[in-house]
Structure formats: structure tokens, C-alpha cells
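A short write-up of the structure that comes next.
For clarity, every value in this text was computed on a predicted model and none was experimentally measured. So that the names make sense, note that chain A is the first sequence line, chain B the second, and so on, each numbered from 1.
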Amino acid sequence: MKSKNAAAGGLDRRAFLKAGGATALAAILAPGLAGRAEAAFSGSLDMLAWDFQPDTIKKLVGEWTAKGNPAVNVAVIPNLGFSPALQTRLRGGDAIDLFYNFAYNSQKFVDQGWAAKLNGLPGVDDMVADMYESARPAYVNAAGDIISAPYFSAVHMMHYNDRMLKEAGIAAAPQTLKEIHDASKILKDKKIVENPYVAYWVKEFCEEYLHTYLLNEGITAFDAAGKPVFADDPKTEGVFEWWQTMYQDGLAPKSVLNDDPGKLSNQMAQGDAAFFVLHHYFLSSIRSLNGPESANVMQGPIGGSNHTFQIGEVLQLGQIADEERRNAAWDLMKFYGWKDSAGKFTVFNQWAKAAGLAAPYPGFFTDPDVIAAFPDYFDLPMISKTFETGSKVVPARTLPWYPDFQAKVGDVVHALLLGQATPKKTVEDLTAAANSAQKGRSL
Amino acid sequence: MAASPISSGALTRGDRLFGLKLTAPAGIILAALLLVPTVLTVLYSLHDVPANGRSLGPFVGLENYTIVLGSQVFWRSAWVTFVFSLGFVVFSTLIGLAIALLLNQRFIGRGLARALLIIPWATPWLVIGILWKWFADGSVGGLNAVLLMLGATTEYYDFLADPNSALVITIVAAVWRQASFAGILLLAGLQTLPDDLNEAASLDGAGVFQRFRNITLPWLKPALVTVTVLNVIYAFLQFDVIFAMTQGGPGDATQVLSILIYRQLFGVTQIGLGSALAVILGFVALAGGLLTVKLLYRAERQPA
């Protein structure tokens, strides 16, 4: 009787344990299920990245794996020489599921069969829709194909030493090229700093500065078809006159043709320079050096009423034949280049905290976690506005011939800076470089 | 009685086959590591190879060579390569010879000095480049500190940012390592020179310079030829130290052909053009080596 009552009105031991176990199992699996790759791929993925904070990379990827997703083998190689190394591996037959790349290489990699278009993948249209309109051409080519996802984005900004400007009687940070020149000259003439302006003018980065300075003056470099139209704008020659003058007159130190960004950041931190134009996140480098002038370095927009250059290095999906593997890699790509399955900017939040990197999504700058992650010396509303309306990407950079042009810009610009070419000759040489890149083989 | 094949010295067919078997592995390895890449490079140079390298691409004959030889970039790079090579070979060999002569003398600490000579040679080229880049730095470099201390300059100067001095510094850096290599080889040659030759000459009244010219140099001729030829080849193929220091800059002031090849092959992935450049450089290096041998041996054969 007692036994019968218990069975009818309650749980016996077996039923209790079964119910409890199921509940516990559900509790254990629930978080994992939320981030699990849609496909049940049982192998491991291969990812290739450059050596910026490799421990952070592996930690982030580990977080994705911990949600029940496949293991990821992360290979890290130096940023310097990354593109040649990556191409060598791919040409040698390495199958890499997900890899970092420079934006200007992304179309070429698709054309060569090394990277896959993302069209039609689940959620990819939402990812693109989430972006700033200004950023989309970096990831979507002229034909409408989606060829990459963001690894990080940045805008070229002016870093300036506020104390030095006050000492020189300069009321506001310069924004236009002329203002930069004039302020630099004042600082030099007053012997406040010997070489006021620094920038990363090594050959490989001259192309970024080319676009920055042209955009600062409201010049369009390439039309929609990729034709170089900067030569048609009379202001272009003036940009090159400015650039040459900055170097020849000692407003920028002679060493900027070889210096690395770490040295440039240190020069700002030590008070050996007053202006530094490069990606916005370098303010983190300058501040973290804790030099005598670090705290005096502020950040402001450049371009005046025109624009600055918006760059974004990218993630690309390898050509993966296996559907389950491809789906798993795409899930990782979304996690790394957009949001996690809970809709949080998990990865970008970490990059913001670690180095001030940004993402090309408006929602990124309003996310409370992201806002909390950025050091307080960043003016996020200003950076967000710069992304939204104060900057442009250059759509021609996603054209397949563009890497060849990119590789030549440094030679031409160095000749200009060294006084070996006139501004007019520089315009001609860059035009020729763009045209020859489109035609095919040339040195 | 017929002579035994062994005793007569004649090789039997079996002996020859056995010898062939012994040399086959090395031959196969040599062919695989040297011949195959060479043939592939030549083939690539005759085609417009796609960046992915999955096929040879369309045959273009000598078009890649025409593009290369018609380019000012190439000829500028060739000139830089020539200047670098000339400085590298001359100073490496001369300084190496001086080091060898010094270390062949008896003095306290000679053993230690000889041991220290190995250090530069044992250091990878890339490390040499990195060290010298910092040594020549215009802000914190030791070279500037030394020059200031000696009164040769009055302020720090960025040698690597000046197209007029960057190549000189790269030559000095490369010579710093290669001279020790030359010194080691030449020292080995000197150590085989019988002491009694110099003693006899000295007794006959020959001075230091006469002994050097008439005994030491002729004795070292084979080693000098070897050192010079190797230096010529090293010079034309030098990449690491220059890449680490300047990456071919500023401008194109230090863009030797090897760096130009690297940029074509791996920077812009123009495999056909890069291969044509590599073939040209290979021929130049080979010709340079052969010319060196010919010149030095011709000088040796001249009648007294």
C-alpha cells in the first residue's frame, strides 16, 4: 500500500535519478549548444594568422572550441613577409580553412582559387548589412561578391602632443595637409622638436598614405572601373609637393623610410615627435609606453572637411570542398569577424581591450561591453563618426590587379621623398604603375 | 698465365656497376635538389605563370626576358648589385687576408683570437643584418656613438636612411661576417706554408714585402682563388643581410637583384618575371665565378 502510494503520487529512486540527470545534462550542454557549429564536423580546422598577440588569438579560438566546436590548429607567422609566406604555403598545396589577409590581396586570392566567396553562407548578408556603409566596399567587390570578413578595422588619425602645441601657441590640432605642414614648421622653428612629424613611410605602407593624403584633399584616386583618375585632379600634384617638402625640409625625420611603428610610437612617447599619422589604435601603443610625453598625446581626425582613409585587414575562407568542414570554418569566421552566436562582439571586445582595434559595425561602438573595454583615452564617438562619415575605403583595392600597383607605390614615393623625382613625375609614374598593373606583367 | 683482373688494375663490369650503385644516391639527391629546380625555373621564365602556380600558364618565349632587360628597375638593381658585389668581394678578401696573416703570427692570446674569428662566420646572415641595423641606427646606434667619440661627426646621422650611405653600410655589415670566413680559409692555407721557405728567403736577404709577394702570395694562390670565387657567388646571391637592414631601401638604393627577385616572386607573385630575373642572376653569378677563376689562373700562368 505504501509502495503503491509512492509510485502513484511521487517519483521512485530510478525516476528521480533519471530526471535529475537529464536536468544536469541539459544544464551542462545548454551553454555549449548556444555556440555550436551548425554542422557536426568532427575533425579540426586550420587557421593562419600573423603574429600580433598570438596568445590572444589562441585564447579567442579556444573560446569558440570550448562551446563544443571543433578544435582549431592556429599557425602564427610574422606580419612582416606575411603575404609572401601565405602565398607560398597556398601555392605549395596547404589547405588553410581560415586565414588573415591584407584587404588589397583579397580579390586576388579569390581569383587564384585560394579563398572562397562567402555568397550564400548563412548569415553573411546580415553581417554585411551590419557594417558601416562606408566599409562595405572593402569586403564586397564591385560585382557584389562577398570576398572577406573583417579581422579588424581602423582609420588613419592624427596623434598629436597637446603640450607641444600649447607651448608653440598652436590653438588646435592640425587637420589638413597645409595645417600639418604649418604647425610642423612652427614647432621646428621654435626648436620645440627637431622633426615634428612621423609616419610609417616604409615602402609597403606608402600606398596607405597615398590614399590618406589624397582623401585628405578630397581627391578620388580611382574611378568605379579602377581607372586611375588622381592624375586628372590638379590638387594631386600639390599633395606630392607637400609630401616631398615634409621630408626634404626635415619636418619628418630621415629615418621614416625605414622605421617601424614601434619606434614611431616611442618617438611620440619620448617627445621626439609631435605628430604621428597612422591607424587610430596606435594611441594604445603610445600611451602604454608610459613615456614622459605619453599622457600628452591626444587623437584627432584628419582631412578637415574631406575624408581620411579607412583600412581593414580581413579574414578569408579557404576553398573547402567538404560541406561540413566549410560550415564549421564559416561559423568560426563569423565568431572571429562578426559576432558570436549570442550576438555579442566577443572577439572584437577582446581586441579593443588588448590593443584598441575596432570593427566596422556601428553596433560595435554602442555596445556597453565594448565601451567598457576601450581605454578611456579613446574618444569612441569621434572614432565612430570618423568611420561613419569621415573616412572612405578605396574600392579599387579589391580589384585583382591592385596588389601589383600596391607593390610599386613605395618605389615611386621613395623617389619623390628622396628628391629623385618631381611631384609631376610622381603623378606620371603612379599613373603608369596603375596602368601597367592592369595590363599584366611589368617590373 | 693470364693476369688477374684485380692485379692488372682493370675494372670489371661488376666493379663499375657497384661504383654506379654507390654514387647513385648522391646523384639522385643532387639532381633533385639542383637540377629539377633549375629546370623548373627556366621553364617558368618562359611562361606567364599564374600566381597560384597550378600550371605553367601560356608559353611566352623570351617575353619575360625582354620585359626584364627593358626595365630601368632591372638595370638600376643590376648596378646596385655590381657595386655591392665589388665592395663585398674586394674588402672581404683583403681583410680576410690581413686577418689570416695576423693570426698566423705568434703572440699571446692567438688561440683565443682564432676562436673569436669563428663567431662572425657562425652568425646567421639575418642576425648580422638585424645587429647592424641597430648598430647603424640614427638615434641610438653604436656606430654613431663611436664616430662622435672619435670626433669624426658632430651629431647622430641616419646612415641607412641616406641613399648615399645605406649601400656602404650594408657592404660593411656583409664584409664584417665574410672577412672572417675568408680569414679562416686563408689561415688554413698559411698554416701549410713551410717555415723553412721564409727562413731561407730571410737568410738570403729578402724583406717582409718580398717574402709576402714571392712566397706567401704564390703559396696562397689556390686558397685565394677559392675564397674569391666563393665571395663572388655569395656577393651576387646576398639577400638576408640587406633585407634585414633596409629591405632594398631607401628608395632603391640597396635593392640588389636578389631582393628584386624576392619582390617579384613573393610580393606581387609574378612568377615568370621573377624566374627570368633568377635565371639572369644565376648566369651572372656563374659567369662572375668563372671569370674570377680565369683571371686569377691566367695571372698565375704568366711567365716570369
Apply side chain to side chain contact (heavy atoms under 4.5 Å, CB included) to the pair A:Lys408 and B:Val268, showing each step before the final yes or no.
CA-CA 9 Å; A:Lys408 292 184 170 73; B:Val268 299; 5.8 Å; no
Mind checking whether B:Thr269 and A:Lys108 have side chains closer than 4.5 Å, heavy atoms only?
yes
Would you say the side-chain atoms of A:Arg441 pair up with the backbone N or O of B:Gln270, donor to acceptor, closer than 3.5 Å?
no
Can you tell me how far apart NZ (B:Lys133) and CG (A:Asn258) are? Round to the nearest 0.5 Å.
6.0 Å
Check whether A:Leu418 gets within reach of chain B through its side chain, its backbone, both or neither, counting any heavy atom under 4.5 Å.
side chain
Under 4.5 Å from any heavy atom of chain A - which part of B:Leu273:
side chain
Heavy-atom closest pair (A:Leu257 atom, B:Pro250 atom, distance to 0.1 Å) is CD1-CB, 3.6 Å
Please classify the contact between B:Leu265 and chain A as side chain, backbone, both or neither, with a heavy-atom cut-off of under 4.5 Å.
backbone
Can you tell which part of A:Asp404 gets under 4.5 Å to a heavy atom of chain B, answering side chain, backbone, both or neither?
both
Counting C-beta onward and ignoring hydrogens, is there a side-chain heavy-atom pair between B:Asp252 and A:His414 closer than 4.5 Å?
no
Determine which residues belonging to residues 63-84 of chain B lie within contact range of chain A, meaning some heavy atom pair is under 4.5 Å apart, and list them by number or answer 'none'.
B:Glu63, B:Asn64, B:Ile67, B:Val68, B:Ser71, B:Val73, B:Phe74
Return the option, out of A:Pro403, A:Ser255, A:Ala85, with the maximum number of heavy-atom pairs under 4.5 Å with chain B.
A:Ser255
How about A:Lys117: does its NZ atom have over 12 heavy atoms from other parts shown lying under 6.0 Å from it?
no
Contacts of residues 138-159 of chain B with chain A (heavy atom under 4.5 Å)
B:Ser139, B:Asp158
Quick check on the structure: residues of residues 163-178 of chain B within a heavy-atom distance below 4.5 Å of chain A, by number.
B:Pro163
Please determine whether a side-chain nitrogen of the Lys or Arg among B:Arg263 and A:Asp411 lies less than 4.0 Å from a carboxylate oxygen of the Asp or Glu.
yes
Can you check whether anything in residues 32-48 of chain B gets within less than 4.5 Å of chain A, heavy-atom wise, and list it by number?
B:Asp48
Check: B:Tyr262 and A:Pro84 side chains under 4.5 Å, non-hydrogen atoms:
yes
Any side-chain heavy-atom pair of A:Gln112 and B:Arg54 under 4.5 Å
no
Does atom CD (A:Glu204) have a neighbourhood of more than 12 heavy atoms from anything else shown, all under 6.0 Å?
no
